[in-house]
Amino acid sequence: MIEITPFLNPSTSEPLYMQLYSYIKKEIQHGKIEPGMKLPSKRKLSIHLRISQHTVETAYQQLIAEGYVESKPRKGLYVNSIHEDIFPNNTPLPKVVKRESLVQNNHYKIDFSHGKVALENFPYSVWRKLTVQGLHDDQLFFNGDRQGELTLRGEIAKYLYQSRGVRCSAEQIVIGAGTQYLIGLLTMVIGRDSIYSMEDPGFHRTRVAFKDQGVTLKAIPLDEEGINLEQLKNSKANVTYVTPSHQFPNGIVMPIARRLDLLKWAAESNGFIIEDDYDGEFRYKGKPIPSLQGLDPNGRVIYLGTFSKSLIPSLRISFMVLPKEILASYQSHFTIYKQTVSRLHQYTLYEFMKNGHWDRHLNKMRTTYRKKQKTLIQLIDEYFGNNVIMIGDDSGLHILLNVRNEMSEQELINAAAEKEVKIYPTSIYYENYIHDLAPKVLLGFAGLMDNEIKQGIQLLKEAWF
């Protein structure tokens, strides 16, 4: 086992766990910590560095996630072997790495991922206290309600009404481990004989979840107000999946007239709308947009929500609000499926919401993300000017960039990768992608610090212009 002695500066804006993670990663890349070496235990390293075990744990988890180390049960953490042609032993990191190696091995200075959140603002101490509190209730060690803990569902129902105008009772809510799982369950409840549809472009993981259920799925293109209603009607679909509050990935906010027309379609066709409000908490311009569900007098909207963007993705707590017709079918035939979310996590979240921590945290995150988005937009204006068009900057945790330099989508991504910046394609969200479209790339900002956003934009300027 090795000794690790980095210089950690608590007075900087960079969290200690990031400093520790970066230090160990570079030591591995430079060959100073060799493959097969065992890292110190969390306890020993926390004592040695005089930092918390949680800080060490968070740094170690990031190293595991990126493949630098692996955890061997009852043995500890061991350094993995990495390609020596990318990071030669005892030599500095090259400024430019071969394109193929860089893309394949995911070693980036800056990652504009839309799936990351601002971990520096996660309420660690409160969450830990409530979790430990739950460990004293041994009833939480057994299986709970198949729909999820009633107390948590009650808190969710109150929050949804106050913040999104969703009208429901706790009995209408089903909690599940992620939106994909809930889509699969919902497809079984509605029935595989129905004709399903979704926005094109739309969230690719949802598309896969539908297809894996073996249903007929129609791709409905967008117009400037969201899903194209004429094409939806012509598709003969009777179920459609939409993201009206912040269309993914294009960022369109569906106006009220289109919302009412969509509700009219559902009523007249005896169909259902699946409304995925994946990041509806984060709107930066104007007033919050009311949910489709709250406007629906006929019980034709199934509302989906998640805590992945507002808390942490690994919590895996999502939920759906079922109208009475769908709820009756679920309760008659599908309560055989046990709850997929830990009761302990559900208890912690319930206490977190009940005691006012949720509202305070959400307000803090809105402020944080508003500032980060403002920083990103200002830097894009400063460095790119009229060479790019920003799309979807009214809300959410990502924006799209239409880059006007005659590069294709893949060329934009590869050029960024050569500067060790990871950006994301939008073509994967299309069922019917037209290659002569003006290429757009996706930039998420929630998981980046201001200095990282600035560095990333500077590097993209060098890569593209």
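The analysis underlying the following values was restricted to heavy atoms, covering all of them including side chains, and did not include hydrogens, waters or symmetry mates.
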*Asks:* Counting the benzene-type ring for Trp, do Trp358 and Phe307 have ring centres under 6.0 Å apart?
*Replies:*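 Ring-ring flag for Trp358/Phe307: true, centres closer than 6.0 Å.
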*Asks:* Are the charged groups of Arg300 and Glu325 less than 4.0 angstrom apart, N to O?
*Replies:* yes
*Asks:* For residues Gln19 and Glu14, report the shortest heavy-atom separation together with the two atoms involved.
*Replies:* NE2-O, 3.0 Å
*Asks:* For the residue pair Phe112 and Leu460, what are the closest heavy atoms and their distance?
*Replies:* CE1-CD1, 4.1 Å
*Asks:* For Tyr108 and Val421, which heavy atoms make the closest approach, and how far apart are they?
*Replies:* CD2-C, 3.5 Å
*Asks:* Only one of Val174, Leu182, Ile274, Val239 clears side chain to side chain contact (heavy atoms under 4.5 Å, CB included) with Ile302; which?
*Replies:* Ile274
*Asks:* Counting heavy atoms not belonging to Tyr337, are there more than 12 under 6.0 Å from its OH?
*Replies:* no
*Asks:* Heavy-atom count check: over 12 atoms from other residues, nucleotides or ligands less than 6.0 Å from Tyr124 OH?
*Replies:*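 Atom OH in Tyr124 is crowded, with more than 12 foreign heavy atoms closer than 6.0 Å.
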*Asks:* How about His246 and Phe282: are their ring centroids closer than 6.0 Å?
*Replies:* no
*Asks:* Do Asn363 and Arg366 have side-chain N/O donor and acceptor atoms under 3.5 Å apart?
*Replies:*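 Distance-only check passes for Asn363 and Arg366.
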*Asks:* Indicate the ring-plane relationship of Tyr369 and Phe445, choosing parallel, tilted or perpendicular according to the 30° and 60° boundaries.
*Replies:*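 Aromatic pair Tyr369/Phe445 classed perpendicular.
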*Asks:* Which residue, Ile380, Val441, Leu442, forms the side chain to side chain contact (heavy atoms under 4.5 Å, CB included) with Ile399?
*Replies:*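 Only one of Ile380, Val441, Leu442 forms a side chain to side chain contact (heavy atoms under 4.5 Å, CB included) with Ile399, namely Ile380.
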*Asks:* If you apply the rule side chain to side chain donor-acceptor pair (under 3.5 Å), what do you find for Arg360 with His357, and how did you get there?
*Replies:* CA-CA 5 Å; Arg360 289 190 289 273; His357 302 298; 3.0 Å; yes
*Asks:* Ignoring hydrogens, what is the shortest heavy-atom contact between Lys372 and Leu448? Give both atom names and the distance.
*Replies:*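 Nearest pair, atom of Lys372 first, then Leu448: NZ-O, 2.8 Å.
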*Asks:* Please evaluate residues Glu275 and Arg164 with respect to the criterion salt bridge (charged side-chain N to carboxylate O under 4.0 Å, His left out), reporting the C-alpha separation (whole Å), side-chain torsions for both, the decisive distance (0.1 Å), and the verdict.
*Replies:* CA-CA 12 Å; Glu275 176 186 13; Arg164 308 294 295 120; 5.3 Å; no
*Asks:* What class does the angle between the rings of Tyr429 and Phe248 fall in, given that below 30° is parallel, 30 to 60° is tilted and above 60° is perpendicular?
*Replies:* perpendicular
*Asks:* Mark yes when over 12 heavy atoms from residues, nucleotides or ligands other than Lys218 sit less than 6.0 Å from its NZ; otherwise mark no.
*Replies:* yes
*Asks:* Taking atom types as modelled, find out whether Glu57 and Gln61 have a side-chain donor-acceptor pair closer than 3.5 angstrom.
*Replies:* yes
*Asks:* Working to the nearest 0.5 Å, report the span between CD of Glu418 and CD1 of Ile413.
*Replies:* 13.0 Å
*Asks:* Check the surroundings of atom CG in Asp138: do more than 12 heavy atoms from other residues, nucleotides or ligands lie under 6.0 Å from it?
*Replies:* yes
*Asks:* Step through the shown structure and confirm whether more than 12 heavy atoms of other residues, nucleotides or ligands are within 6.0 Å of CZ on Arg128.
*Replies:* yes
*Asks:* Determine whether more than 12 heavy atoms belonging to other residues, nucleotides or ligands lie under 6.0 Å from atom CZ of Phe142.
*Replies:* no
*Asks:* Determine, for Lys116 against Glu452, whether the closest basic-nitrogen to carboxylate-oxygen distance falls under 4.0 angstrom.
*Replies:* no
*Asks:* Can you find a side-chain donor-acceptor pair between Gln331 and Gln147 that sits under 3.5 Å?
*Replies:*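 Yes, because at least one side-chain N or O of Gln331 sits under 3.5 Å from a partner of the opposite role on Gln147.
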*Asks:* Between Ala157 and Ile173, what is the shortest heavy-atom contact and its length?
*Replies:*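 Result for this residue pair: N-CD1, 3.8 Å.
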*Asks:* Just checking, any donor-acceptor pair under 3.5 angstrom between side chains of His54 and Tyr17?
*Replies:*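 Side-chain D/A pair, His54 to Tyr17: absent.
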*Asks:* Could you go through the side chain to side chain donor-acceptor pair (under 3.5 Å) check for Glu281 and Ser163 one step at a time?
*Replies:* CA-CA 8 Å; Glu281 295 92 353; Ser163 66; over 6 Å; no
*Asks:* Do Asp200 and Ile220 make a side-chain contact, defined as non-hydrogen atoms from C-beta onward lying under 4.5 Å apart?
*Replies:*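 Answer no - side chains too far apart.
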*Asks:* Let's go through Met390 and Leu401 carefully: what are the C-alpha distance in whole Å and the side-chain angles of both, what is the deciding distance for side chain to side chain contact (heavy atoms under 4.5 Å, CB included) to 0.1 Å, and is it a yes or a no?
*Replies:* CA-CA 5 Å; Met390 280 182 283; Leu401 274 190; 3.6 Å; yes
*Asks:* Would you give the length of the straight line joining atom OH of Tyr350 to atom CG of Asn355, rounded to the nearest 0.5 angstrom?
*Replies:* 8.0 Å
*Asks:* Nearest 0.5 Å please: distance from the NZ atom of Lys461 over to the CZ atom of Phe384.
*Replies:* 7.0 Å
*Asks:* Show the nearest heavy-atom pair for residues Ser310 and Leu362, with the distance to one decimal.
*Replies:* CB-CD1, 3.9 Å
*Asks:* May I ask you to check whether Tyr241 and Tyr196 place their ring centers less than 6.0 Å from one another?
*Replies:* no
*Asks:* Test side chain to side chain contact (heavy atoms under 4.5 Å, CB included) on Leu311 and Ile317 and set out the steps.
*Replies:* CA-CA 10 Å; Leu311 280 169; Ile317 298 184; over 6 Å; no
